[in-house]
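Input: a single structure, listed below in structure tokens.
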Protein chains: 2
Amino acid sequence: MFERESRMENGNQTYTIDDVAKLAGVSKATVGRVIGNYGSVSEKSRKKVLEAVAQLDYVPNTIAQGLRSHSTKTIAVVLGSIKNDYCNALVYAIEKEAMKRDYNVLICNTHENLDKEIKHLQTIRSRQVDGVILISVYTVGKVIPDRYRHLYESQNIPMIFVDRNIIGIKKDLIQSNNEQASYEATKYLISLGHRRIGVIGTVAYSTVQERLKGYRSALQEAGIPVDSSLIVDAEYSENRAGQRLAAKLLDEHPDMTAMYVLNNTLCGSVLLELKKRDMKTPDDISLLTWDDDEINELFDITTVVQRVDEIGKRAVNRLFELMENPQSPIYTQQVSTQLVIRKSCGTPRNEPGGG
Amino acid sequence: MFERESRMENGNQTYTIDDVAKLAGVSKATVGRVIGNYGSVSEKSRKKVLEAVAQLDYVPNTIAQGLRSHSTKTIAVVLGSIKNDYCNALVYAIEKEAMKRDYNVLICNTHENLDKEIKHLQTIRSRQVDGVILISVYTVGKVIPDRYRHLYESQNIPMIFVDRNIIGIKKDLIQSNNEQASYEATKYLISLGHRRIGVIGTVAYSTVQERLKGYRSALQEAGIPVDSSLIVDAEYSENRAGQRLAAKLLDEHPDMTAMYVLNNTLCGSVLLELKKRDMKTPDDISLLTWDDDEINELFDITTVVQRVDEIGKRAVNRLFELMENPQSPIYTQQVSTQLVIRKSCGTPRNEPGGG
DNA sequence: TATTAGATTGAGAACGTTCTCAAGAATAAA
DNA sequence: TTTATTCTTGAGAACGTTCTCAATCTAATA
């Protein structure tokens, strides 16, 4: 009683389930039943409890709930950087879906750095996060050291991969149909008459390798030899890699008539190089890129558009499935893409039909 | 013993401080001392504990720590949408700073919706989050209902505002020097000879009002009458408001020689309208906007650049100050901006010197 | 009225930490 | 050797929930 009153004086004090129970004149078990909406409670008790809750403006302590119930109502999203367009659209979609289920989202930027990814996964473990959505930094060549494998393989925390796969770790994966979409995009360029198509992408990522595979098979199908010097690799961390590599391609391959950009981060800086050289699409060169953006519309760039919303939604849905049933069999979901044809691709300038 | 062994078999089981204590042959109090690095522990005990920790790959349960210590090592960032360039750059900076202090970041999108902001603040309270950084939806005219005021005023959770202020709630605020920067930007346009300068912005936000104030005072100083029909208001939620409003201004004010865009979200769609009308900057119209972006560089748009990194950094620093000392006096920090002059502003086309 | 089934309730253990307190061990001083 | 001082240690309470279990109460049936 004494304590209660001293609390009342401080309008900001937070109340516990015991305070509610005392005020309502019932036990905390009964309060728990009303709050948690389980068991059976008489109408009279329920009313008293709800009144007390309202009067004290009581909110249950999620931390205590988490400790007791082993569920923190939290999912973590681990990715390179929230600044990346693909990633922030993904986080947006994930948070939206999570909210619908009263879950919150912890954001973990790895800055495309292995150590930070490991550190985040450790934190996630100790935080008892309920589930993890991971766009891993792990690139195709690299092998996860044994001492960290458990962070990826533990059955305790449901985890799914989005976009990038980690070879050797079996997890659900949700991604665009990279190979097929890339095959079709390349075929489109070929159908316009292009035979020398330069490619810019961060080769180390599984996604890009899939896209390259589609590129190669389209060329092969058309009987065009694959010239690996037309494929240039962008370090993810390099600032304005697109600009440097576009310049390299343009300098070394004067016969190149189209550029195909596989990473969404690269396109802007490729355009900067074109601007610098006063080259226009599609007259001077054709350009096709992955991932849509306001820029793409403003510059009329033909684009393979990923349905990031859909990927995010599926990721959350699948994660919740796994949270309910951790034994659910692993599988990969491929989300369709859309080739949005604008005006950046034309017939090759050296071709009879070209300008 | 039995239990331990059955746990060992399941390689994924997580261990508790009791398991470590048992394996090390000490009490959990001693383990706690080693983990938490306080009190005094003999070298012998310390070694045994560390070995046990390593062997079991023990990580402390943050939830239990949180319940006991009343600190969850979490800060929440509440903002309109992570998709917004300003916001995602801010979150990026905040997460980076928070990581340095071993704090994690909970992301809360309000979708510029009042109810969602309230809901998030309630969740934040029940989650025992240690601190909140808020870009509120609350617009200048609106008053927070009494029943929700405590969510903003509670002394329990340190909270600071970024970018937007809420009139009537006294909190720390960190923002750009909106009025001064806007005054100078306008002055720059005036110095080029413009007298009819259209303005597009979401008037309801305190930031925009500050920027308008700077705009007006620059005009007044130059003896130019302020024509309020040149200032058009963009609903935040409207898709491509910039395009519609640019069209409106261009249609209704043929004498307008410059457009001044106050929201970063609007510029892209303003450009779309210019593109549609085949108008070029600076020849057909001058354009000046807030917030930098790849687009601005590609289109050579003169821009008031906000130092979002710095704002984020200061926000976290200040929040931690408040977490240590909640009584610390409230104040506002204004971060300087930079007017990056590119090529989108020229002399008015109807002027003697113009095209 | 006695009996039974079902509804309602509260006491108290458990979740995994932190941290106080008092006791025991080790060392230094007398 | 005894006494004082400092180190080192473990038992157990506390944080705020959830949830089991047994007890009580109600109403219906025989």
Side-chain angles (χ1 to χ4, degrees), chain A residues 3-4 7 13-50 52-53 56-74 123 125-130 156, chain B residues 3-4 7 13-50 52-53 56-74 123 125-130 156:
Chain A
E3 209 188 357
R4 166 93 48 70
R7 282 186 169 188
Q13 195 60 48
T14 75
Y15 294 98
T16 73
I17 200 170
D18 283 304
D19 297 315
V20 176
K22 223 178 281 178
L23 182 59
V26 298
S27 73
K28 62 180 176 175
T30 297
V31 178
R33 278 185 272 257
V34 174
I35 306 285
N37 209 30
Y38 64 92
S40 77
V41 182
S42 69
E43 266 320 301
K44 211 171 111 194
S45 298
R46 181 181 306 277
K47 199 178 152 219
K48 281 192 293 181
V49 168
L50 290 176
V53 165
L56 300 180
D57 192 30
Y58 165 76
V59 263
N61 179 325
T62 312
I63 298 302
Q65 290 179 320
L67 179 60
R68 172 62 221 215
S69 66
H70 297 284
S71 160
T72 54
K73 298 270 197 174
T74 312
T123 310
R125 199 159 72 107
S126 73
R127 277 183 173 268
Q128 319 292 113
V129 166
D130 292 338
N156 284 336
Chain B
E3 209 188 357
R4 167 95 48 72
R7 283 188 169 187
Q13 196 58 50
T14 75
Y15 295 99
T16 71
I17 201 170
D18 283 304
D19 297 315
V20 176
K22 224 177 280 179
L23 182 60
V26 299
S27 73
K28 63 179 175 173
T30 298
V31 177
R33 277 184 273 257
V34 174
I35 306 285
N37 209 31
Y38 64 92
S40 77
V41 183
S42 69
E43 265 321 300
K44 213 171 111 193
S45 297
R46 180 182 305 277
K47 202 179 151 215
K48 282 191 293 180
V49 168
L50 290 176
V53 165
L56 300 181
D57 193 29
Y58 166 76
V59 263
N61 179 325
T62 312
I63 299 302
Q65 289 180 322
L67 179 59
R68 170 65 221 216
S69 67
H70 297 284
S71 160
T72 54
K73 296 268 196 178
T74 312
T123 309
R125 198 161 72 107
S126 74
R127 277 184 172 268
Q128 319 292 116
V129 165
D130 292 338
N156 283 336

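Fair warning: this is a prediction, and the values are worked out from it, not measured in the lab. By convention in this document, chain letters (A, B, ...) are assigned in the order of the sequence lines, proteins followed by strands, and residues within each chain are numbered from 1. These numbers come from the heavy atoms of this one structure, side chains and all, not from hydrogens, waters or symmetry mates.
Take R46(B) and apply the side-chain contact (heavy atoms from CB on, under 4.5 Å) test, not counting sequence neighbours, and it matches V34(B), N37(B), V41(B), E43(B), L50(B).
Atom CG of N61(B) and atom C1' of dG16(C) are 6 Å apart (whole Å). Atom-to-atom, CD1 of I17(A) to P of dG10(C) comes out at 12 Å; the value is rounded to the nearest Å. Atoms CD1 (I35(B)) and P (dC19(C)) sit 13 Å apart, rounded to a whole Å. The CD atom of Q128(B) sits 19 Å away from the P atom of dT17(C) (whole-angstrom rounding). The NZ atom of K22(B) sits 13 Å away from the P atom of dT17(C) (whole-angstrom rounding). Going from atom CD of Q65(B) over to atom C1' of dG16(D) covers 17 Å, rounded to whole Å. When the P atom of dT18(C) is taken as reference, atom CD1 of I63(B) falls 13 Å away, rounded to whole Å.
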Checklist entry - How would nucleotides 8-13 of chain D be written as a contact map, 5' to 3', with B for base contact, S for sugar-phosphate-only contact and - for no contact, using protein heavy atoms under 4.0 Å? => result BBBBBB
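At a threshold of 4.5 Å between non-hydrogen side-chain atoms, the residues L23(B) and L56(B) count as touching.
The two residues Q128(A) and T72(A) make their nearest non-hydrogen contact at O-OG1, 2.8 Å.
Pairs of residues two or more places apart, or lying in two chains, never qualify as salt bridge (charged side-chain N to carboxylate O under 4.0 Å, His left out) while including a residue from residues 27-39 of chain B.
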Checklist entry - Could you walk me through whether T14(B) and Y58(B) pass the side-chain contact (heavy atoms from CB on, under 4.5 Å) check? => result CA-CA 7 Å; T14(B) 75; Y58(B) 166 76; over 6 Å; no
Next on the checklist: Before you tell me yes or no, could you show the steps for S45(A) and S42(A) under side-chain hydrogen bond (donor to acceptor under 3.5 Å, both in side chains), namely the whole-Å CA-CA distance, both residues' side-chain angles and the distance that decides it to 0.1 Å?
Outcome noted: CA-CA 5 Å; S45(A) 298; S42(A) 69; 3.0 Å; yes
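Of the two residues contacting DNA chain C, namely Y38(B) and L67(B), the nearest-nucleotide position lying further toward the 5' end is that of L67(B).
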